[in-house]
Q: 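The structure's right below; bear with me while I get my questions together.
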Amino acid sequence: QNFMDSSDNQYPSICTLHVCKSCRPTGFPGEPRNQRPGFLLHEKLERLIEDRNLGETVTLQAADCLSLCLRPCGIALSAPGHWTYLFGDQESEATANDIVDCALTYVAEPKGEMSRTKRPASLRSSIMGRVPPSLGR
């Protein structure tokens with residue numbers, strides 16, 4: 001499903017969901033890397049995006065570090081010319097479906113602006129920040 005309104009380019013046709021694969025709480029073992037909570041979250045989101053056939057709407061991109069070490073696991077939503085959102089406190093089993101739902105809300109909103117009430121409940125208090133669109137993009 002394509003949410004793009006080609007007449008005014010207010011809606012992105014696709015968004016990027018960035019996931020910090022190295023995220024882990026303080027004291028959580030660093031090895032093996034494939035057992036870190038961030039890695040597991042990325043794997044879960046990859047399966048959900050595939051299962052829900054959203055590959056043309058949500059692009060999943062691994063990040064080495066989103067610098068949210070005090071609030072793991074970190075994710076971000078971005079699209080050219082749209083607001084970028086950064087969230088912490090995500091968990092593969094508890095919030096993965098909400099993350100995908102939030103990405104779909106993001107794509108459907110003009111310039112990606114999502115009020116607090118439009119985000120799933122689990123992503124309301126976990127927001128770390130948002131960045132306005134860059135000029136010229």
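All values below were derived from every heavy atom in this structure, side-chain atoms included, with hydrogens, water molecules and symmetry-related copies excluded.
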Q: Roughly how far, to the nearest 0.5 Å, is OG1 of T59 from CD1 of I14?
A: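 Separation between the atoms: 3.0 Å.
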
Q: Between R119 (side chain only) and C102 (backbone N and O only), is there a donor and an acceptor less than 3.5 Å apart?
A: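 No; judged by distance alone, with no hydrogens or angles, the pair does not exist.
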
Q: If hydrophobic clusters are built by linking Ile, Leu, Val, Met, Phe, Trp and Tyr wherever their side-chain heavy atoms come under 4.5 Å apart, do L54 and L45 end up in the same one?
A: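 Yes, one cluster joins them.
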
Q: Quick one: does Y106's side chain have a donor or acceptor within less than 3.5 Å of a partner on W83's backbone?
A: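 Yes, Y106 side chain to W83 backbone: donor-acceptor pair under 3.5 Å.
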
Q: Do D64 and S22 get their side chains close enough for a donor-acceptor pair, meaning under 3.5 Å?
A: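 No, no side-chain donor-acceptor pair sits under 3.5 Å.
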
Q: Would a single hydrophobic cluster contain both M128 and V19, if residues Ile, Leu, Val, Met, Phe, Trp and Tyr are joined by side-chain heavy-atom contacts under 4.5 Å?
A: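 Unlinked, V19 and M128 end up in two clusters.
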
Q: L123, L68: one ILVMFWY side-chain cluster at the under-4.5 Å cut-off?
A: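 No, no single cluster joins them.
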
Q: Roughly how far, to the nearest 0.5 Å, is the CG atom of L104 from the OG1 atom of T57?
A: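 If we round to the nearest 0.5 Å, T57:OG1 and L104:CG are 7.0 Å apart.
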
Q: Can you get from V107 to L86 by hopping between Ile, Leu, Val, Met, Phe, Trp and Tyr side chains that sit under 4.5 Å apart?
A: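 V107 and L86: separate clusters.
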
Q: Does either side chain, that of Q90 or that of T95, offer a donor lying less than 3.5 Å from an acceptor on the other one?
A: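 Yes, side-chain donor-acceptor contact under 3.5 Å.
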
Q: Can you tell me how far CG of L40 sits from SG of C73, rounded to the nearest 0.5 angstrom?
A: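 Reported to 0.5 Å precision, the distance equals 8.0 Å.
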
Q: Is the backbone N or O of K21 less than 3.5 Å from a side-chain atom of R36, with the two atoms forming a donor-acceptor pair by type?
A: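 Side chain of R36 to backbone of K21: no pair is present.
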
Q: Can you confirm whether more than 12 heavy atoms, excluding those of E50, are under 6.0 Å from its CD atom?
A: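 Atom CD in E50 is not packed in, count stays at 12 or less.
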
Q: Return yes if some donor-acceptor pair links the side-chain N/O of H82 with the main-chain N/O of P80 below 3.5 Å, else return no.
A: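 At least one qualifying donor-acceptor pair exists.
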
Q: Determine whether a donor-acceptor pair (N or O, by modelled atom type, separation under 3.5 Å) exists between the side chain of Y85 and the backbone of V131.
A: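 No, the answer is negative, given that no donor and acceptor are paired below the 3.5 Å cut-off.
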
Q: Below 4.0 angstrom, N of the basic side chain to O of the carboxylate: do D101 and R52 qualify?
A: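 Counted as a salt bridge, because a side-chain N and a carboxylate O are separated by less than 4.0 Å.
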
Q: Give a yes or no on whether V100 and I75 share a hydrophobic cluster (residues Ile, Leu, Val, Met, Phe, Trp, Tyr; joining criterion: side-chain heavy atoms under 4.5 Å apart).
A: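 Yes, same cluster.
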
Q: As an exercise, state the distance from CG of L17 to CD1 of I49, rounded to the nearest 0.5 Å.
A: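 Spacing of CG (L17) from CD1 (I49) equals 5.5 Å.
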
